[in-house]
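Throughout, a chain's letter reflects where its sequence line sits, starting with A, and its residues are numbered from 1. In this text the structure is predicted, and so the values were computed from the model without any measurement.
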2 protein chains.
Amino acid sequence: MEIARKILVVDDESDILDFITYNLKKEGYLVATAFNGAQAIEVSKTFKPDLILLDVMMPVMDGIETCAHIKSLPEFAKTFIVFLTARSEEYSEIAGFQAGADDYIAKPIKPKVLITRLNAILRRKDKEETASTKLVVGDITIDRDSFLVYRGSDKIQLARKEFELLFLLASKPGKVFTRDFILEKVWGDEVLVVDRTIDVHIRKIREKLGDDYIGTVKGVGYKFEI
Amino acid sequence: MEIARKILVVDDESDILDFITYNLKKEGYLVATAFNGAQAIEVSKTFKPDLILLDVMMPVMDGIETCAHIKSLPEFAKTFIVFLTARSEEYSEIAGFQAGADDYIAKPIKPKVLITRLNAILRRKDKEETASTKLVVGDITIDRDSFLVYRGSDKIQLARKEFELLFLLASKPGKVFTRDFILEKVWGDEVLVVDRTIDVHIRKIREKLGDDYIGTVKGVGYKFEI
DNA sequence: TTAATTGGTTAACATTAATTTAACCCTGTC
DNA sequence: GACAGGGTTAAATTAATGTTAACCAATTAA
């Protein structure tokens with residue numbers, strides 16, 4: 001069974017809060033609410049939401065401030081923040097992004113759109129599984145945001161499959177991933193490719209990164225060398 | 001010292017007009033009133049309000065028409081319009097946003113709520129005005145006010161979609177934006193355009209700015225190169 | 001008003017890069 | 001020396017994007 005997702009909704013208007021809460025609960029989400037930024041931070045500490053839905057416009061501490069604050073706390077690195085913005089506030093798009101928001105939804109809120117969007121956003125979050133979008137292992141840094149890999153300060157460009165494959169291996173350094181597992185994660189269930197395909201991709205990664213990062217365990221699979 | 005903010009209140013019921021005016025004046029706002037849309041437009045021309053509080057439901061020319069009309073006049077581009085709506089009107093049904101409204105307040109009006117919200121809205125407006133609407137990334141400056149882009153000191157004109165697209169990418173330089181995300185943000189939910197449309201716009205931007213600013217990540221999306 | 005211009009979209013085609021395959025190579029093991 | 005299990009390479013294939021031109025709608029100029 002799937003674990004219910006936790007969403008914290010923050011708005012100073014109780015009408016909107018109720019309206020959103022109602023719709024989210026109906027959809028099966030666990031919902032907590034807060035009336036302002038300070039409260040939001042407080043509640044987050046115990047509720048540990050997967051996602052925070054944050055109204056940009058709030059008295060006292062507005063959404064952007066709140067977002068910047070929350071994102072500065074390491075414990076919330078994995079928490080997605082989505083803004084609710086009035087349609088005309090383009091300004092908040094930039095300011096919001098710069099404050100570290102992950103997405104935004106424009107008011108007025110239509111229930112269907114809200115739900116669809118949140119589902120999509122959470123699915124994306126799942127997929128990225130990222131936590132922080134940066135994964136650091138030894139002198140290798142893998143950045144999902146920019147789709148770049150760094151060896152020390154050298155920037156290295158990988159193709160998509162190479163990137164996903166490296167990302168998978170690096171997500172658990174030292175662990176051996178079987179070919180089957182790799183196929184399933186990087187290629188998906190339906191895709192059927194020949195075994196040698198993985199080898200070729202591994203080779204290309206080695207070519208670009210150097211030979212010392214990915215190890216072969218004969219008869220089992222590949223691993224990221226610690 | 002701060003300059004007093006000017007608010008124009010528009011409602012066909014003089015009771016409500018008086019009530020709101022009283023509360024706003026007490027708070028230190030400069031207030032003008034109008035009984036209908038036509039009058040509102042007339043008064044706005046000389047009074048130049050920072051914000052217009054507009055009842056949705058009015059005889060003759062209703063709030064939505066009025067709003068659309070006012071927003072179509074360039075001199076009022078920076079004027080905020082806030083609707084007064086009856087509680088029963090679902091958020092989803094508020095057509096006001098399509099007409100360009102910036103926010104809304106639900107009736108019945110509680111003085112405290114009214115003041116708090118208006119303060120918040122005006123505070124945001126302040127921020128938008130002072131916070132330069134300029135986004136600077138490397139030698140590119142993007143100015144939302146004038147809809148202009150500068151490369152160094154060269155002025156470059158982009159068409160609307162090109163501008164929005166560049167603006168989105170530049171709001172998180174380095175981050176890769178997927179095509180889906182771009183479509184959603186620049187074109188909106190309902191609009192359905194073909195994939196190649198994005199490419200064409202990207203091409204036009206590159207044509208005008210140069211090839212080095214927007215990068216392609218095959219299979220993923222586009223990014224603004226840092 | 002019509003004509004001209006601009007912006008946005010699409011379709012068709014070209015180009016490029018990513019991905020996969022196939023063929024062959026190497027190394028160790030039994 | 002013949003598997004088994006990968007490694008390597010280049011060629012073939014496919015997918016993704018780039019490019020151009022044409023079309024239409026909206027706007028502006030004449």
Side-chain angles (χ1 to χ4, degrees), chain A residues 147-149 156-169 176-225, chain B residues 68 71-74 147-149 155-169 176-225:
Chain A
F147 260 84
L148 285 175
V149 176
I156 299 166
Q157 284 259 22
L158 297 188
R160 180 142 153 250
K161 285 277 197 293
E162 292 160 25
F163 186 91
E164 299 290 357
L165 177 48
L166 176 66
F167 191 80
L168 177 67
L169 296 180
V176 181
F177 291 84
T178 65
R179 287 160 178 282
D180 284 349
F181 190 83
I182 292 173
L183 274 182
E184 191 188 316
K185 289 296 178 193
V186 178
W187 274 262
D189 299 322
E190 292 109 48
V191 188
L192 203 53
V193 287
V194 117
D195 234 24
R196 224 101 307 288
T197 303
I198 295 181
D199 304 30
V200 174
H201 280 99
I202 291 284
R203 176 157 187 294
K204 292 207 165 144
I205 296 173
R206 285 175 175 157
E207 199 170 74
K208 289 178 183 175
L209 283 194
D211 284 343
D212 311 329
Y213 295 98
I214 296 179
T216 305
V217 181
K218 269 203 167 189
V220 190
Y222 294 98
K223 66 175 173 181
F224 193 100
E225 300 283 3
Chain B
K71 281 286 175 181
S72 75
L73 304 173
F147 248 75
L148 283 175
V149 176
K155 192 189 287 183
I156 299 166
Q157 280 266 18
L158 296 188
R160 172 124 71 259
K161 291 279 192 227
E162 291 159 27
F163 186 89
E164 297 290 352
L165 178 47
L166 177 65
F167 188 71
L168 178 67
L169 296 181
V176 179
F177 290 83
T178 65
R179 300 176 111 81
D180 283 350
F181 196 85
I182 293 172
L183 275 182
E184 186 185 305
K185 297 307 177 198
V186 177
W187 274 264
D189 298 319
E190 281 110 48
V191 188
L192 203 52
V193 288
V194 116
D195 235 23
R196 222 104 306 295
T197 304
I198 295 180
D199 305 31
V200 174
H201 282 98
I202 291 284
R203 186 176 167 283
K204 289 189 174 162
I205 296 173
R206 284 176 175 157
E207 202 169 71
K208 290 177 183 174
L209 283 194
D211 284 343
D212 309 329
Y213 296 98
I214 296 180
T216 305
V217 181
K218 264 204 165 185
V220 190
Y222 293 99
K223 65 177 169 182
F224 193 101
E225 299 283 3

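Set against dT10(C), dG6(D), dA18(C), the side chain of K218(B) has dA18(C) as its closest nucleotide. Considering only the side chain of D199(B), dT17(D) comes nearest among dG6(D), dT17(D), dT20(C).
Applying side chain to side chain contact (heavy atoms under 4.5 Å, CB included) to Y222(A) and the options L165(A), I205(A), T216(A), V176(A) leaves one that passes, T216(A).
One interatomic measurement links the two molecules: CG of L192(B) to C1' of dT9(C), which rounds to 12 Å at whole-angstrom precision. The distance between atom CD of Q157(A) and atom C1' of dA18(C), rounded to the nearest whole Å, is 13 Å. What separates CZ of F147(A) from C1' of dA16(D) is a distance of 14 Å, to the nearest Å. Between the CG atom of D211(B) and the C1' atom of dT19(D) there is a distance of 12 Å, given to the nearest Å. Rounded to whole Å, the distance from CD on E162(A) to P on dT20(C) is 11 Å. Separating the CG atom of L158(A) from the C1' atom of dA17(C) is a distance of 14 Å, rounded to the nearest angstrom. Between L183(B) atom CG and dT10(C) atom C1' there is a gap of 14 Å when expressed in whole angstrom units. When the C1' atom of dA16(D) is taken as reference, atom CD1 of I198(B) falls 13 Å away, rounded to whole Å.
An OP1 or OP2 oxygen of dT9(C) is reached within less than 4.0 angstrom by a side-chain nitrogen or oxygen of W187(B). Distances shorter than 4.0 Å separate some side-chain N or O of R179(B) from OP1 or OP2 on dT17(D). At the phosphate of dG18(D), OP1 or OP2 sits under 4.0 Å from a side-chain N or O atom of T216(B).
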Go through it in stages, so that I can follow the logic: the residues are K161(B) and W187(B), the test is side chain to side chain contact (heavy atoms under 4.5 Å, CB included), and I'd like the CA-CA distance, side-chain angles, deciding distance and then a yes or no. CA-CA 8 Å; K161(B) 291 279 192 227; W187(B) 274 264; 3.5 Å; yes
Start with the C-alpha gap between H201(A) and F163(A), add the side-chain angles, then the distance that decides, and say whether side chain to side chain contact (heavy atoms under 4.5 Å, CB included) holds. CA-CA 10 Å; H201(A) 280 99; F163(A) 186 91; over 6 Å; no
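At the heavy-atom level, Y222(A) lies under 4.0 Å from the strands shown only through sugar-phosphate atoms. Here V186(A) lies out of heavy-atom contact (under 4.0 Å) with every strand. The residue R196(A) sits close to a base: some heavy atom pair falls under 4.0 Å. Across all strands shown, T197(B) has heavy atoms under 4.0 Å from base atoms, whether or not it also approaches the sugar-phosphate. Contact annotation for K161(A): backbone-only contact, meaning every heavy-atom pair under 4.0 Å involves sugar-phosphate atoms and none involves a base.
With R206(A) contributing its side chain and I214(A) its backbone, the two residues share a donor-acceptor pair below 3.5 Å.
K223(B) NZ to E225(B) CD: the interatomic distance, rounded to the nearest 0.5 Å, is 5.0 Å.
Here R203(A) pairs with E207(A) in a salt bridge; the nearest charged N to carboxylate O distance falls below 4.0 Å. A salt bridge links D199(A) with R179(A): at least one charged nitrogen is closer than 4.0 Å to a carboxylate oxygen.
The aromatic rings of Y213(A) and F224(A) sit tilted, their planes meeting at an angle between 30° and 60°.
Across residues 201-210 of chain B, R203(B), R206(B) each have a non-hydrogen atom less than 4.0 Å from an atom of DNA chain D (numbered order).
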